[in-house]
Amino acid sequence: MTTRTSFSVSRYAPERGPLAKLTARDSLLRRLDWPMLLSALALSFVGSLLVWSATRNRTELNQGDPYYFLFRHVLNTGIGVALMIGTIWLGHRTLRGAVPILYTLSIVLILAVLTPLGATINGAHAWIVVGGGFSLQPSEFVKITIILVMAMLLAAKVDAGDQIHPDHRTVAKALTLAALPMGIVMLMPDLGSVMVMAVIVLGVLLASGASNRWVLGLIGAGIGGAVLVTALGMLDEYQINRFAAFANPDLDPAGVGYNTNQARIAIGSGGLLGAGLFKGSQTTGQFVPEQQTDFVFTVAGEELGFVGAGLILLLLGVVLWRACRIARETTELYGTVVAAGIIAWFAFQSFENIGMTLGIMPVAGLPLPFVSYGGSSMFAVWVAIGLLQSIRVQRPMTA
């Protein structure tokens, strides 16, 4: 009998379709990770309430309709769930064969941002306006592409039984393919997304079993790259100011430090149980900018208090816990690496988003997964949930 620790694909019988091996006794619904799915849905539901509270009085944004952002957030969630279902139906192994196409499409989309098709929103030239009030942020989908293309390369020979760990040549190819879209995104500049992608690459390398020299080299290269980017003046002034305000919270409290100071005031005023939904003075008074997107956690802190904010952390923790379990239980390296990349993504982005509202991380313009308003972000995280569910669903069945 093949041992559990083997990553050989011989454990899998030839598939006649993504879900062909599932029987009535071992159905799709029974194989889904329901704690993860329900937690993600709960986060999106709480997010819809927070977005509604933050925007219902913002007439300059909601076009006079207090339900404008609420409707769109729910719509984005519905589309995201549909994308998750489609991802599960296709299966992560089917998508493995389509990675070259997905990678090429991602490169085309982020290059399009640098053309007249691109638009600048909140200081980042990272969007494509598609009309009807909707816009697309391709860098959100690049996170998925980087995970898939690196997993495909790093796991190919290991899953085939030809190697125990990825060799140096394979790792170099994977890093090169990841560096290309990261470099383009840096030109936008979208520093927050590049930070997330760098953490994803590190998580993927650690999960793949690549030599520690690559991991240490990547960390060193990241530090050197940060110094070089700063020295060459590749960062915009507002990005440099954000890091300066993080290093010195008292620097220009009415200017560059305003967002962080107001965010901490809003969260601190919530106390244990909060002021109540729709009753937060900071939220109602619109003192904190971008409360429906980057600073949505401040609404939770002020109106739902420590208990409500803690609930969001708990739900995010459940998603990460179940993702770690999926990564640990799969018997193919490809699935393990994909899950690890998603874990690194969700964990770092959540920590960065919440951390910047508390003043323990620099402001980087990253949404809170499942909670913040934004179509591209919502679609991407639900596709990631679909990949995780597919890895769980397509595990080999025991007798």
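Each residue takes its place number in the sequence, starting with 1.
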Closest non-hydrogen contact found for Gly64 with Pro66 is O-CD, 3.6 Å

Just so I know, are the side chains of Leu114 and Met188 near enough to count as touching, which here means a heavy-atom distance under 4.5 Å? yes

Taken in chain and number order and not counting sequence neighbours, the residues that satisfy side chain to side chain contact (heavy atoms under 4.5 Å, CB included) with Thr77 are Ser44, His73, Val81, Met378, Trp382

Nearest 0.5 angstrom please: Lys173 NZ to Met152 CE, how far? 10.0 Å

Would you sort out whether Arg31 and Gln394 count as a side chain to side chain contact (heavy atoms under 4.5 Å, CB included), showing the intermediate values? CA-CA 9 Å; Arg31 277 184 165 242; Gln394 295 191 21; 5.9 Å; no

Is there a side-chain contact between Val113 and Trp127 in this structure, where contact means two heavy atoms from C-beta onward sitting under 4.5 Å apart? no

Applying ring pair (Phe, Tyr, Trp, His ring centres under 6.0 Å), name anything that partners Phe346, two or more places apart in sequence or on another chain. Phe370

Are the side chains of Val158 and Tyr334 in contact, using a 4.5 Å heavy-atom criterion? no

In chain order, what residues pass the ring pair (Phe, Tyr, Trp, His ring centres under 6.0 Å) check against Phe69, with sequence neighbours excluded? Tyr373

Where the side chain of Thr336 meets the backbone of Ala327, is there a donor-acceptor pair that is under 3.5 Å apart? yes

Under a 4.5 Å side-chain heavy-atom rule over Ile, Leu, Val, Met, Phe, Trp and Tyr, are Ile107 and Leu117 clustered together? no

How would you list, by chain and number, every residue that makes a ring pair (Phe, Tyr, Trp, His ring centres under 6.0 Å) with Phe278, sequence neighbours excluded? Trp52

Minimum heavy-atom distance Thr298-Ala263, with the two atoms named: CG2-CB, 3.5 Å

Can you confirm whether the side chains of Thr55 and Asn62 place a donor and an acceptor under 3.5 Å from each other? no

Please name all residues satisfying side-chain hydrogen bond (donor to acceptor under 3.5 Å, both in side chains) with Asp167, sequence neighbours left out, ordered by chain then number. Gln163, Thr170

Do Glu332 and His92 have a side chain donor and acceptor closer than 3.5 Å? yes

Nearest heavy-atom approach of Asn353 to Pro367 is ND2-C, 3.5 Å

Minimum heavy-atom distance between Ile342 and Ala384, given as atom pair plus value: CD1-O, 3.5 Å

Among all residues two or more places apart in sequence or in another chain, which pass the side-chain hydrogen bond (donor to acceptor under 3.5 Å, both in side chains) test with His165? none

With Gln292, which residues qualify under side-chain hydrogen bond (donor to acceptor under 3.5 Å, both in side chains), at least two apart? none

Here the gap from Leu90 atom CG to Leu387 atom CG, rounded to the nearest 0.5 Å, amounts to 10.0 Å

Which residues pass the side chain to side chain contact (heavy atoms under 4.5 Å, CB included) test with Ile265, not counting sequence neighbours? Gln262, Gln282

So which atom in Gln291 and which in Ala54 form the shortest heavy-atom distance, rounded to 0.1 Å? CB-CB, 3.8 Å

Note, Thr283 side chain near Asn57 side chain (heavy atom, < 4.5 Å): no

Applying side chain to side chain contact (heavy atoms under 4.5 Å, CB included) to Ile101 and not counting sequence neighbours gives none

Transitively linked via ILVMFWY side-chain contacts under 4.5 Å: Val108 with Ile146? no

Drop me the distance from Leu311's CG to Leu43's CG, to the nearest 0.5 angstrom. 8.0 Å

Spell out, as yes or no, whether a donor-acceptor pair under 3.5 Å connects the side chain of Glu302 to the backbone of Ser281. yes

With side chains defined as the heavy atoms from C-beta onward, is the minimum distance between Met150 and Ile200 less than 4.5 Å? no

Is there a donor in the side chain of Glu140 and an acceptor in the side chain of Ser193, or the other way round, less than 3.5 Å apart? no

Taking Ser39 for the side chain and Pro35 for the main chain, is one N or O donor matched with an acceptor at less than 3.5 Å? yes

For Leu180 and Thr176: C-alpha separation, side-chain torsions, deciding distance, then whether side chain to side chain contact (heavy atoms under 4.5 Å, CB included) applies. CA-CA 6 Å; Leu180 176 59; Thr176 300; over 6 Å; no

Verify, without hydrogens or angle tests, whether Ser269 (side chain) and Ala266 (backbone) share a donor-acceptor contact under 3.5 angstrom. yes

Residue pair Ile147, Val337: steps toward the side chain to side chain contact (heavy atoms under 4.5 Å, CB included) verdict: CA-CA 8 Å; Ile147 293 172; Val337 172; 5.9 Å; no

Going through the distances and angles, do Arg213 and Leu216 end up as a side chain to side chain contact (heavy atoms under 4.5 Å, CB included)? CA-CA 5 Å; Arg213 285 179 292 178; Leu216 294 175; 5.9 Å; no

Partner residues of Ala210 under the side chain to side chain contact (heavy atoms under 4.5 Å, CB included) criterion, sequence neighbours left out: Val171, Leu205, Ser208

Short side-chain to backbone donor-acceptor contact, Gln389 and Asp33, under 3.5 Å: yes

With side chains defined as the heavy atoms from C-beta onward, is the minimum distance between Val129 and Leu136 less than 4.5 Å? no

In Å and rounded to the nearest 0.5 Å, what is the CG to OG distance from Asp294 to Ser372? 6.5 Å

Quick one: does Gln349's side chain get under 4.5 Å of Met195's, heavy atoms only? no

Verify, without hydrogens or angle tests, whether Asn76 (side chain) and Arg72 (backbone) share a donor-acceptor contact under 3.5 angstrom. yes

Side chain of Trp345, backbone of Val199: donor and acceptor closer than 3.5 Å? no

Pairwise distance CG(Leu175) to CE(Met182) - rounded to 0.5 angstrom: 9.5 Å

Connected to Trp321, directly or through other members, by ILVMFWY side-chain contacts below 4.5 Å are Val318

Besides Val307, the hydrophobic cluster formed by Ile, Leu, Val, Met, Phe, Trp and Tyr side chains linked at under 4.5 Å, directly or via other members, contains Leu272, Leu273, Phe306

Could you check whether any side-chain N or O of Ser376 sits under 3.5 Å from a backbone N or O of Gln137, counting only pairs where one atom can act as donor and the other as acceptor? yes

Please report the closest heavy-atom contact between Leu368 and Ile312, naming both atoms and the distance. CD2-CG2, 4.2 Å

For the side chain of Ser53 and the backbone of Leu49, is there at least one donor-acceptor N/O pair under 3.5 Å apart? no

Keeping Ser390 on the side-chain end and Gly386 on the backbone end, is there a donor-acceptor pair under 3.5 Å? no

Report yes if the side chains of Val371 and Phe297 come closer than 4.5 Å at any heavy-atom pair, otherwise no. no

Ile360 side, atom CD1; Ile354 side, atom CD1 - distance, nearest 0.5 Å: 9.0 Å

